[in-house]
Amino acid sequence: MAERGTLLVVGSNPPAETSGQRTLARVQQAATILGFEGAVLANIFALPTYRSGGIAVLGRTPDGWLDARSVLVSCLDDCDGVLLAYGTQEPSGEARAHHRSQVLWLDEQIEERSLPTWWVGGAPRHPSRWQRYTWREHPNLPFAEALRNALSRHGVCSVIR
């Protein structure tokens with residue numbers, strides 16, 4: 001597979017009490033599998049939380065959502081493909097409407113740029129959940145091979161081979 005430039009991986013939000021190294025390692029692994037030279041990570045919500053459930057509290061107002069957009073736009077303008085990895089569970093309460101609006105906005109931005117887009121197992125699973133998903137779906141394969149099988153084009157029913 002010919003190498004492409006940069007893969008933008010769209011995550012949920014920055015971690016509050018960890019380095020995020022495990023997520024970054026998974027992001028780089030996915031970029032390599034997809035044939036990208038490198039990867040960058042940007043988030044749909046700008047404020048850090050200890051757990052993703054914290055977005056339900058901090059995401060009740062539009063601030064953290066809108067603050068993430070300038071970074072996302074910059075990354076979208078500079079990337080050659082997108083991997084959606086912000087998680088499959090929406091926040092609860094008032095944050096849910098902001099989350100849905102942000103995802104719709106992101107989809108429109110990706111479409112405007114005609115960027116090829118992937119996800120794992122047909123959903124925007126967070127990298128911390130990839131191994132659990134691939135173990136269930138491909139229990140007899142090493143993680144890298146199972147991840148290769150789980151990466152598919154968003155909106156297209158093709159699997160990366």
Side-chain angles (χ1 to χ4, degrees), residues 4-133 147 150-157 160:
R4 304 172 197 151
T6 302
L7 177 68
L8 168 61
V9 178
V10 180
S12 177
N13 69 311
E17 297 184 21
T18 68
S19 67
Q21 280 306 116
R22 184 178 300 201
T23 295
L24 293 173
R26 292 275 165 84
V27 160
Q28 187 54 53
Q29 189 171 19
T32 299
I33 289 169
L34 292 171
F36 286 87
E37 294 172 25
V40 295
L41 178 65
N43 296 295
I44 63 169
F45 185 69
L47 304 177
T49 60
Y50 177 64
R51 291 203 166 93
S52 58
I55 295 173
V57 175
L58 296 179
R60 291 182 290 205
T61 66
D63 300 342
W65 304 102
L66 297 176
D67 290 347
R69 289 186 179 187
S70 62
V71 172
L72 286 166
V73 165
S74 177
C75 290
L76 287 164
D77 287 343
D78 292 338
C79 77
D80 302 290
V82 178
L83 175 60
L84 300 175
Y86 47 80
T88 59
Q89 186 172 346
E90 293 180 311
S92 61
E94 297 170 43
R96 180 170 288 165
H98 294 298
H99 178 271
R100 288 179 178 172
S101 175
Q102 189 80 330
V103 168
L104 179 63
W105 172 84
L106 176 63
D107 288 345
E108 290 169 352
Q109 296 297 310
I110 292 168
E111 188 174 327
E112 281 178 17
R113 292 165 178 79
S114 301
L115 291 166
T117 305
W118 292 266
W119 53 9
V120 173
R125 286 180 174 78
H126 188 274
S128 66
R129 302 293 186 248
W130 292 352
Q131 192 150 7
R132 180 183 303 170
Y133 172 81
L147 181 58
L151 283 161
S152 62
R153 288 288 296 268
H154 177 280
V156 180
C157 293
I160 305 308

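Every value quoted in this text rests on a predicted model; they were computed, and no experiment measured them. Side-chain atoms are counted along with the backbone in the values below, which use heavy atoms only and exclude waters and symmetry mates.
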Exercise: identify the closest heavy-atom pair between [X] and [Y]:
X      : Y      : result
Gln109 : Leu76  : CB-CD1, 3.6 Å
Arg4   : Leu34  : NH1-O, 3.4 Å
Trp119 : Pro124 : CE3-N, 3.6 Å
Ala30  : Leu7   : C-CD2, 4.4 Å
His98  : Thr61  : NE2-C, 3.8 Å
Val27  : Pro127 : CG2-CG, 4.3 Å

Using distance only, find each side-chain donor-acceptor pair of residues 53-60 under 3.5 Å and give its atom names and separation, not counting sequence neighbours.
unit_1, atom_1, unit_2, atom_2, d
Arg60, NE, Val57, O, 3.0

Inset, instruction - Just jot down the side chain to side chain donor-acceptor pair (under 3.5 Å) partners of Gln131, sequence neighbours excluded, or say none. - result: Arg26
Less than 4.5 Å apart, side chain to side chain, heavy atoms only: is that true for [X] and [Y]?
X      : Y      : answer
Leu151 : Leu83  : yes
Trp118 : Ser152 : no
Val40  : Cys79  : no
Phe36  : Thr6   : no
Leu8   : Leu115 : no

To the nearest 0.5 Å, what is the distance between [atom1] on [X] and [atom2] on [Y]?
X     : Y     : atom1 : atom2 : value
Arg69 : Ile44 : CZ    : CD1   : 10.5 Å
Asn13 : Trp65 : CG    : CH2   : 8.0 Å
Leu24 : Gln29 : CG    : CD    : 13.0 Å
Leu47 : Asp67 : CG    : CG    : 6.5 Å

Inset, instruction - Verify, without hydrogens or angle tests, whether Ser101 (side chain) and Ala97 (backbone) share a donor-acceptor contact under 3.5 angstrom. - result: no
Inset, instruction - Kindly write out the residues that satisfy side-chain contact (heavy atoms from CB on, under 4.5 Å) with Ser128, not counting sequence neighbours, or none if the list is empty. - result: His126
Inset, instruction - Only pairs at least two apart or in different chains count here, so list each salt bridge (charged side-chain N to carboxylate O under 4.0 Å, His left out) that has a residue in residues 95-105. - result: Glu90-Arg96, Glu90-Arg100
Inset, instruction - Please list all pairs passing the side-chain hydrogen bond (donor to acceptor under 3.5 Å, both in side chains) test where one or both residues lie in residues 72-88, with sequence neighbours left out. - result: Asp77-Arg113
Legend entry - Partners passing salt bridge (charged side-chain N to carboxylate O under 4.0 Å, His left out) against Glu111 (at least two apart in sequence or in another chain): none
Legend entry - Reference residue Val10; test side-chain contact (heavy atoms from CB on, under 4.5 Å); the match among Leu41, Leu72, Val103, Ile110: Leu72
